[in-house]
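Numbering starts at 1 and runs along the sequence shown. Atoms within each ligand, like the ligands themselves, are counted from 1 in listed order. Fair warning: this is a prediction, and the values are worked out from it, not measured in the lab.
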Amino acid sequence: MTAATGHNIDRELERFNNRMVEHNLTPTWAYYPELVAMAPPVAYRPYLWKAGLLDRVVGTAGELVDLERGGERRSFEVVNPDLRHIHGTTHTLGAALQLVQPGEIAPPHRHLANAIRFIVKGRGSYTAVEGERLYMEERDLILTPTWMWHEHGNETEAPVVWVDALDYPFNKLMQLSFFQPGASEDAGSRPIGFTSSRVGLVRPTWTSYPDEIPNVTYKWEETANTLNALRDEEGSPYDGILLEYVNPIQEGSVLPTMACYAQLLRPGERCKAHRQTSSTIHYVLDGEGYSVINGVRFDWGPGDFFMIPPWAWHEHANPGGGDAVHFVISDTPIMTSLKLWREEPYPEGDGHQETAETFAPLTWS
Ligand code: 1HN
């Protein structure tokens with residue numbers, strides 16, 4: 001037997017590795033850095049969409065898109081350029097803007113995806129969830145939990161616009177998508193007030209609410225009052241006064257895959273940087289300010305969307321003299337329920353990143 005030289009062994013091993021790959025086998029020893037990483041190799045970047053661009057698109061969609069000719073919804077997703085293949089805002093969540101014109105009904109359907117709506121313009125339109133009409137005013141939040149029938153109607157004289165956020169990219173990742181179109185007669189028959197009279201601080205004694213996740217309406221007035229009541233507290237060093245909307249039955253997040261928050265950054269507030277394993281979407285309600293994400297500065301103002309990928313260093317600042325208020329959506333519940341949650345403060349200097357560049361947002365050209 002001839003002793004194989006190191007050189008020969010290397011060549012033979014390489015041939016062997018390659019042949020394994022041709023036979024749909026991965027030699028762990030040769031691909032270890034691809035299989036595991038010291039830190040997550042996140043495959044998409046932070047991004048921001050300006051209100052001016054979004055307003056133009058809402059306006060033109062309002063003129064060109066006729067729901068009676070099909071299309072199900074007059075909504076459009078804010079899509080991360082690195083996630084076009086899944087139409088994702090993040091890898092787990094999709095945010096959209098939706099316009100419902102006066103007199104219009106967006107037909108009933110249901111899907112596996114959980115959804116929330118956050119009204120940004122108009123008042124008095126409704127979403128019927130399991131037939132229960134939830135009437136909404138500006139900045140109210142409503143939920144459409146998984147597989148619940150929902151249709152939208154606008155009986156008012158003015159258009160309504162809201163933010164939709166859904167977990168359809170997560171479902172796609174799980175290779176799961178179920179959708180069912182409905183007719184008005186089978187879209188549920190719950191009366192107005194069905195949910196609020198069963199999940200409030202006082203509840204009926206002879207019956208319980210039938211679902212695990214209630215389709216609650218969160219009135220902005222209450223949220224705004226709470227933000228104000230807490231404004232002189234220290235708050236979070238990373239997020240200022242950050243309130244989480246809670247599920248009144250299970251406590252915890254509003255939906256199993258999505259958490260919603262109202263955030264107040266007080267005049268002059270500059271938060272410290274941190275990173276988390278969750279991905280996050282911000283919709284700016286009030287104020288002008290900026291966030292630094294992985295060393296890039298994102299300037300934001302009312303009506304802008306921006307998003308933060310998992311494990312990206314991020315910090316928020318409101319250098320102006322007025323309040324900055326954001327509506328925030330994250331996939332934190334996925335991470336916490338699967339024990340994938342981690343969070344880390346920025347370790348260097350005074351807790352702030354160096355800003356290397358400023359993000360240049362697209363305008364409608
Ligand atoms: C959807 O079903 C709605 O029901 C809104 O209003 C936006 C975006 C992607 C997929 C489904 C709705 C959506 C959506």
### Task
Please confirm whether Ser75 comes under 4.0 Å of ligand 1, counting heavy atoms of the residue only.
yes

### Message
So if I count the atoms of ligand 1 from 1 in the order they appear, which ones are less than 4.0 Å from some heavy atom of Tyr168?
### Response
9 (C)

### Electrostatic pair Asp164:Arg73 at N-O distance under 4.0 angstrom
no

### Message
I need the atoms of ligand 1 closer than 4.0 Å to a non-hydrogen atom of Glu77, numbered in the order shown.
### Response
8 (C), 9 (C)

### Task
Decide whether the shortest distance between a heavy atom of His152 and an atom of ligand 1 is less than 4.0 Å.
yes

### Charged tip of Arg198 within 45° of Tyr209 ring normal and under 6.0 Å
no

### Query
Closest heavy-atom contact between Gly289 and Pro319?
CA-CD, 3.9 Å

### Summary
Ranked by distance from atom 12 (C) of ligand 1, the top protein heavy atom is Arg73 NE, 3.0 Å

### Test ring-ring contact (aromatic ring centres under 6.0 Å, His included) applied to Tyr283 and Phe305, Phe306, Phe327, the passing residue
Phe305

### Task
Using the rule that two of Ile, Leu, Val, Met, Phe, Trp, Tyr join whenever any of their side-chain heavy atoms come within less than 4.5 Å, decide whether Leu93 and Leu242 are in one cluster.
no

#### Entry: Residue and atom name of the nearest protein heavy atom (relative to atom 5 (C) of ligand 1), distance in Å to one decimal
Gln98 NE2, 3.5 Å

### Summary
Any heavy atom of His111 under 4.0 Å from ligand 1? The part involved is side chain

### Task
Go through the side-chain N and O atoms of Ser279 and Asp331 and say whether any donor and acceptor fall under 3.5 Å apart.
yes

### Message
Checking contacts here: is it the side chain or the backbone of His150 that comes within 4.0 Å of ligand 1, counting heavy atoms only? Could be both or neither.
### Response
side chain

### Task
Give a yes-or-no answer on whether the side chains of Arg45 and Tyr47 include a donor-acceptor pair shorter than 3.5 Å.
no

### Task
Say whether His109, considering both its backbone and side-chain N or O atoms, lies within less than 3.5 Å of an N or O atom on ligand 1.
yes

### Query
For ligand 1, does Leu166 get within less than 4.0 Å through its side chain, its backbone, both, or neither, judged by non-hydrogen atoms?
side chain

